[in-house]
2 protein chains.
Amino acid sequence: MADEKPAASTRKRRGSGRATIHDVARLAQVGSITVSRYLKQPAQVSTELGARIAAAVAQLHYVPNLVAGGLASTHSRIVGMVIPNISGPIFANTIQSFSDTLSAHGYQLLLASSYFSQEQEESAVRAFLGWSPAALVVTGPFHSKATEKMLAEAQIPVVETWDYRPRRKAIQVGFSNVEVGLQQARYLLDKGYRRIAFVQNSVAGDLSALDRRDGYAQAMAQAGLKPWTFIPTEQAPFDAGRQAFEALALRKKPLEAIIFANDNLAAGALLAGQRAGIAMPDQCALMGFGDYAISPLLLPSLTTIRPPAREIGEIAALRILEALGAVPLDGKHANARLNRLTCEVIARESA
Amino acid sequence: MADEKPAASTRKRRGSGRATIHDVARLAQVGSITVSRYLKQPAQVSTELGARIAAAVAQLHYVPNLVAGGLASTHSRIVGMVIPNISGPIFANTIQSFSDTLSAHGYQLLLASSYFSQEQEESAVRAFLGWSPAALVVTGPFHSKATEKMLAEAQIPVVETWDYRPRRKAIQVGFSNVEVGLQQARYLLDKGYRRIAFVQNSVAGDLSALDRRDGYAQAMAQAGLKPWTFIPTEQAPFDAGRQAFEALALRKKPLEAIIFANDNLAAGALLAGQRAGIAMPDQCALMGFGDYAISPLLLPSLTTIRPPAREIGEIAALRILEALGAVPLDGKHANARLNRLTCEVIARESA
DNA sequence: TTGTAGGCGTTATCAT
DNA sequence: ATGATAACGCCTACAA
């Protein structure tokens, strides 16, 4: 009774060897399509057959073959996400909340990182498309031509996260980096700083930081001030921050305040300032972006911008689930193509 | 009757609408199996046909349907990974290096997080198995019975990471947490501390930390000393650390040194010590586990243990790729079932 | 080196 | 409510 090969055909030449829907159907003495229906919409199957099927499923340890189901129905419960990196301080919360929201509704996450390279993004998108994913999530609006084409032609929901461009076709879940640059500059201008510089990221491909720089430049122009941009050559973020600080704050006529493309650069600058005995923010104010875990712990603690990382992941997942009909449409934000989130200024000691 | 439509036939009732291998074959005027071979092993196809096929692929923007391929071959290039969390400070580097190593060889990562819950792990493993993954990676040796059974019966490589149990069946890539507990206690004993306590994690399910506690207790017993364990009730790690510090270091006869289940707990204690004006390490030494990003920046900087997070991910991927024949077997560690890594004591100021 | 036949496990379609 | 049949797109086995 225990395991006397219930239904598996005796000499399968191919196949996985696992129980199939036909094995279940035979054991439950129903048609296999009824098993399929029972698993998807139990309400459409009579209680009696349902019970027999459930018993057979349990006895055979039946696990539906999602690959076969995907082929037959031409759509899967896989969602692909391409993100610049997994282990950095920025995107981890987005991935986590995205994955959690998806898996709560039976969808699986296929993940790849691009390291801000459009080529890597393109190859990940191509590979993902081979799985007929239910939806695709990418980071930002900057893609290779081929990627754009693939995303446009895929007949599935596509979400662009971590930026906001109302005129693009994909669902947008993010914030305007230009707006953030304005926010940063205005915060410092309101505090009375006038000689304000912006330090870019030495990592090529981080194009969002350039938008923040543009916002900063815009705010400066509106205030009748000259923008001042510095591009570090050092690659490691702490070193790049130090380099920028030395170039901007240790000159004859030092800058009064510096905005950095991210908190790691700012942290490098802050440590350099400590060593040089510069009083911060009095002699030079520093402002970052990202609100990394280290930022509240630095001395002085780092004034920065907190992006809605977790929120981005969750909203992206909800919009996808809504578009797929996996989640009901309620609430006034339901199924919105444009999801404009905002960043928060975290005012601490450094500015 | 033979429809001579080059690409998409006009009235497909099912199907994705994308170009298939047959469309490519027709356009290139070859058999579809030749296209299949060309895509997998170009060397087996003549240069002439290869060129025709390549042209057709490009013209049709053909993307192989991996779902169909997976069904036909009963194995996919998907690898599933279940990890306690994505956004915490511990596992992100493992995920990143694992994903990078896999994707460099054309494999895709299906990811889910368990939050240290065996139920969530089980449901993720079950869902992953539906995709006929090429391999499966889980964290640690502690699984539900059903998970154990599924892993044992899946005819694929299974890797257990972040721990090391030579007698288990799965491929092991990690370190002995008992050994780490010994390391921690011995480091403090060597420094002359005698009254040493261990603070557990308030997060249930982190069973590895209990192994470290056991190692600590073992070392204490060997030194003829009494172990002293504290279990915080506060849930947030910083709060739990503070609570432990107050209970252990601010008593009449305070402990001399405290080992924490992770760096966040230690950081919470350290900040509490600063506020209370306790000199560290002179009045009380603190030691963490994990070497989080904040740890070198604290004052005093935190002495801790650095686990080989990145290495775990990379070696896990390599062992899988070797087992699947995707990577040649060379080097004496090749294809080892037991991969015992070591943790490093990072000696800083706090102990 | 290239081609033919048939099956992988499920679901859509249509019929009862 | 339930079932028979035929795809879904590719790959294995075997043949030429």
Side-chain angles (χ1 to χ4, degrees), chain A residues 7-9 11-26 28-53 57 60 62-78 129-132 155, chain B residues 2-3 7-9 11-26 28-53 57 60 62-77 129-132 134 155:
Chain A
S9 47
R11 44 173 189 84
K12 277 201 168 130
R13 297 178 315 187
R14 292 165 63 174
S16 57
R18 285 168 21 197
T20 74
I21 205 170
H22 300 296
D23 299 326
V24 174
R26 208 173 307 144
Q29 303 188 335
V30 298
S32 34
I33 190 64
T34 307
V35 177
S36 174
R37 271 196 282 258
Y38 171 75
L39 294 171
K40 296 233 147 16
Q41 301 160 1
Q44 290 191 11
V45 174
S46 67
T47 341
E48 188 195 332
L49 292 196
R52 293 221 304 266
I53 292 169
V57 164
L60 297 175
Y62 170 67
V63 177
N65 184 328
L66 302 176
V67 180
L71 178 59
S73 66
T74 68
H75 57 76
S76 70
R77 291 199 158 209
I78 277 186
L129 282 176
W131 287 104
S132 306
Q155 304 291 326
Chain B
D3 61 332
S9 49
R11 48 176 186 82
K12 276 203 171 124
R13 296 177 315 185
R14 292 165 67 174
S16 58
R18 283 169 21 198
T20 74
I21 205 170
H22 300 294
D23 298 326
V24 174
R26 206 175 309 144
Q29 302 188 333
V30 298
S32 36
I33 189 63
T34 307
V35 176
S36 173
R37 272 197 281 259
Y38 171 76
L39 295 171
K40 296 230 148 15
Q41 301 160 1
Q44 290 189 12
V45 174
S46 66
T47 339
E48 188 194 332
L49 293 196
R52 294 221 303 265
I53 293 169
V57 165
L60 297 174
Y62 170 66
V63 176
N65 184 329
L66 302 177
V67 180
L71 178 59
S73 65
T74 68
H75 57 76
S76 69
R77 291 199 158 210
L129 282 176
W131 287 104
S132 305
Q155 305 291 326

Looking at [X], does any N or O in its side chain come under 4.0 Å of the phosphate oxygens OP1/OP2 on [N]?
| X | N | result |
| --- | --- | --- |
| Y62(A) | dT10(C) | yes |
| S46(B) | dT2(C) | yes |
| T34(B) | dG3(C) | yes |
| S36(A) | dT11(C) | yes |

For atom [atom1] of [X] and atom [atom2] of [N], their distance in whole Å:
| X | N | atom1 | atom2 | value |
| --- | --- | --- | --- | --- |
| R18(A) | dT10(C) | CZ | C1' | 12 Å |
| L71(A) | dG9(D) | CG | C1' | 6 Å |
| L66(A) | dT10(C) | CG | C1' | 10 Å |
| K40(A) | dA1(D) | NZ | C1' | 18 Å |
| W131(B) | dC8(C) | CH2 | C1' | 15 Å |
| Y38(A) | dT11(C) | OH | P | 15 Å |
| R77(B) | dC11(D) | CZ | C1' | 14 Å |
| R26(B) | dG9(D) | CZ | P | 12 Å |

Rounded to the nearest 0.5 Å, the OG1 atom of T20(B) sits from the CG atom of L60(B) at a distance of 9.0 Å
Taken to the nearest 0.5 Å, the spacing of Y38(B) OH from I21(B) CD1 works out to 12.5 Å
Where do N or O atoms of nucleotides 14-16 of chain D meet protein N or O atoms at under 3.5 Å, pair by pair?
none

For S76(A), the side chain to side chain donor-acceptor pair (under 3.5 Å) test, sequence neighbours excluded, returns none
Report all side-chain donor-acceptor pairs from residues 43-52 of chain A shorter than 3.5 Å, counting only partners two or more places apart or in another chain.
unit_1: Q44(A); atom_1: NE2; unit_2: Q41(A); atom_2: OE1; d: 2.8
unit_1: S46(A); atom_1: OG; unit_2: L49(A); atom_2: N; d: 3.4
unit_1: E48(A); atom_1: OE2; unit_2: R52(A); atom_2: NH1; d: 3.3
unit_1: R52(A); atom_1: NE; unit_2: A28(A); atom_2: O; d: 2.8
unit_1: R52(A); atom_1: NH2; unit_2: A28(A); atom_2: O; d: 3.2
unit_1: R52(A); atom_1: NH2; unit_2: Q29(A); atom_2: O; d: 3.2

Scan I33(A) against the nucleic acid and name what it touches under 4.0 Å (heavy atoms): base, sugar-phosphate only, or nothing. base
Tightest non-hydrogen contact, residues V30(B) and V35(B), listed as CG2-CG2, 3.7 Å
Per nearest nucleotide of DNA chain C, the residue lying toward the 5' end, V45(B) or V35(A), is V45(B)
With sequence neighbours left out, the residues meeting side-chain contact (heavy atoms from CB on, under 4.5 Å) with L66(B) are W131(A)
side-chain contact (heavy atoms from CB on, under 4.5 Å) filter on S132(A), not counting sequence neighbours, yields R18(B), N65(B), V67(B)
DNA chain D nearest-nucleotide lookup for N65(B) and Q44(A): closer to the 5′ end is Q44(A)
